[in-house]
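Presented below is the structure to which this report refers.
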Number of protein chains: 2
Amino acid sequence: MKSILIIEDEKAIAELERDYLESYGYTVELEGRGDIGLKKALEEQYDLIVLDVMLPKIDGFEICRQIRQTSNIPILMVTAKKEDIDKIRGLGLGADDYITKPFSPSELVARVKAHLARYERLTADKAERDESIRIRGLVIDKPSRRVMIHEKEAMLTSKEYELLLLLASHPNRVFEKEELFERIWGVDSNGDAATVTVHIRRLREKIEHDPSNPQYIDTIWGVGYRFKV
Amino acid sequence: MKSILIIEDEKAIAELERDYLESYGYTVELEGRGDIGLKKALEEQYDLIVLDVMLPKIDGFEICRQIRQTSNIPILMVTAKKEDIDKIRGLGLGADDYITKPFSPSELVARVKAHLARYERLTADKAERDESIRIRGLVIDKPSRRVMIHEKEAMLTSKEYELLLLLASHPNRVFEKEELFERIWGVDSNGDAATVTVHIRRLREKIEHDPSNPQYIDTIWGVGYRFKV
DNA sequence: TCCTTTTCTTACGAAATTATTACGTTTTTG
DNA sequence: CAAAAACGTAATAATTTCGTAAGAAAAGGA
């Protein structure tokens, strides 16, 4: 199931796009504000972005440019003005396609489909899509072992990182403390599952806004922990 | 220098396309016959293919399909009939773009350029292709194996250079010490990953302003090292 | 409400890992 | 061939991370 983010301030158009894309089986999220849209694009895990050029505050060009700093996700730019097309090209923003209003919904779907297919084709063996996990402002980048929490890096120790990665790789699954201990410390490690508690605590200290009211890692009483999504 | 193959049987059009693309610095090869074009596409090393739909004997659809069996090279399909576009899409041939005759030459160039850029972006380990790597005042010039740090040359030994190059070619990626050792000293080398530590130290001595507070090479505790960007 | 169990939280010493230095050996260079 | 440079090893110092324990707090059950 592919998920698409639409950044578009005209609600009527946005909803039209959404309805069409959803009817073709895509999961769609709407966002009317450019700044929030950019934030979402950077923090969440989408497969494609439909981006309106004309937005209040921060325009589509800038959003595109910023997304491209860290991601190769397909970006489809939507514009009412033909002149914008030259601009998109000229600036070398790295947009993957552009489509001018008014457009037929089936045109949109066709392009979305094509770009998703190509992206998959080209990134298949690189497994680029799996190299980071993005959930609600938390980004785990595996190659660099870095964790960003709302754009800011959290400096995790090795055990903390492994713990977080294991939990976040299986969202909502409850892990018993014993299992966490075994999978990270090793079966033959003679330690104690109580250690896990302390590391969870330290991890929360670093990634949770309020460690006593965790937003990411839930305690399941009498059992263990879970990464909530 | 990027090379482009044009498969097109109308000589006048083909030459027009060629002239334009060449004037933008691309190397262009023309091929009038579909079957030979397919053969070339499969056997030679092009960066992009401009493919006419209407060809005698074997048509563009079939050529596209066959190329896609073994290659992800960007394919731009050219057609005179609007109906063909739906067909290209519908068949899921994997063409990257289509352009209808008559088209302005600059339109062609713009699309070629965009697709080359995207392909590069998605497939590249960019650092591996380039002649030199430049990051924050550090320049690694591969052909000459020289390293400049803020305009001044750093005299690195062979091992130091290889270490730096490997790390800097994959910015931000964390390398385990064992992996560094294996990749530079060789798998069958009977040494110890501890020697990596010493070489990292010596490397830092030469490229870091304050080796105890490295700006380029981070230590990832319990894991290895990473070239930070 | 009170008691029991489980988790949270803190602090500190232990353990593990890396940084740094020194030195002897090997390789390269002049 | 001699001198210099590069390399690998080992020993020690410095630093970071880890594990444990113990009291506090929270959750669940009677």
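Just so it is clear: chains get the letters A, B, ... in the order the sequence lines come, proteins before strands, and each one is counted from 1.
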* Quick one: H199(A) NE2 to dT10(C) P, roughly how many Å, whole number? -> 16 Å
* Write down the distance between NZ (K159(B)) and P (dA5(D)), rounded to a whole number of angstrom. => 19 Å
* **Intermediate values then yes/no, salt bridge (Lys or Arg N to Asp or Glu O under 4.0 Å), R65(A) and E62(A)** => CA-CA 5 Å; R65(A) 203 185 58 73; E62(A) 180 60 17; 2.8 Å; yes
* So with a 6.0 Å cut-off around NE2 of H209(B), is the heavy-atom count from everything else above 12? -> no
* To do: Using a 4.0 Å cut-off on protein heavy atoms (strictly under), produce a 5'-to-3' string for nucleotides 14-22 of chain C with B for base contact, S for backbone-only sugar-phosphate contact, and - for none.
  => --BBSBSSB
* Asked: Whole-Å distance between dT6(C) C1' and E176(A) CD?
  -> 15 Å
* To do: Can you see which heavy atom on A95(A) is nearest to which on I88(A), and at what distance?
  => CB-CG2, 3.8 Å
* Over all heavy atoms of both residues, which pair between D35(A) and I58(A) is shortest? Give the atoms and the distance, please. => N-CG2, 3.4 Å
* Roughly, in whole Å, what's the span from CD1 in I184(A) to C1' in dG19(D)? -> 15 Å
* Asked: Would you say a side-chain N or O of W185(B) is under 4.0 Å from OP1 or OP2 of dG8(D)?
  -> yes
* Asked: Which atom pair, heavy atoms only, marks the closest approach of R145(B) to S158(B)?
  -> NH2-OG, 3.9 Å
* Starting from P on dT28(C), measure out to OH on Y161(B) and report it in whole angstrom. => 19 Å
* Identify which nucleotide among dG19(D), dC18(D), dT20(D) has an atom closest to any side-chain atom of S158(A), counting heavy atoms from C-beta outward. => dC18(D)
* To do: Ignoring backbone atoms, test whether T157(B) places a side-chain nitrogen or oxygen under 4.0 Å from the OP1 or OP2 oxygen of dA5(D).
  => no
* Asked: Can S71(A) and R134(A) be counted as having a side-chain donor-acceptor contact under 3.5 angstrom?
  -> no
* Which whole-number value in Å describes the distance from N213(B) CG to dT16(D) P? -> 10 Å
* To do: Figure out the CD/C1' separation between E178(A) and dT7(C), and round it to whole Å.
  => 13 Å
* Asked: Which heavy atom in I217(A) sits nearest to a heavy atom in F227(A), and how many Å separate them?
  -> CG1-CD1, 4.3 Å
* Asked: Of L156(B) and D192(B), whose closest DNA chain D nucleotide lies nearer the 5' terminus?
  -> L156(B)
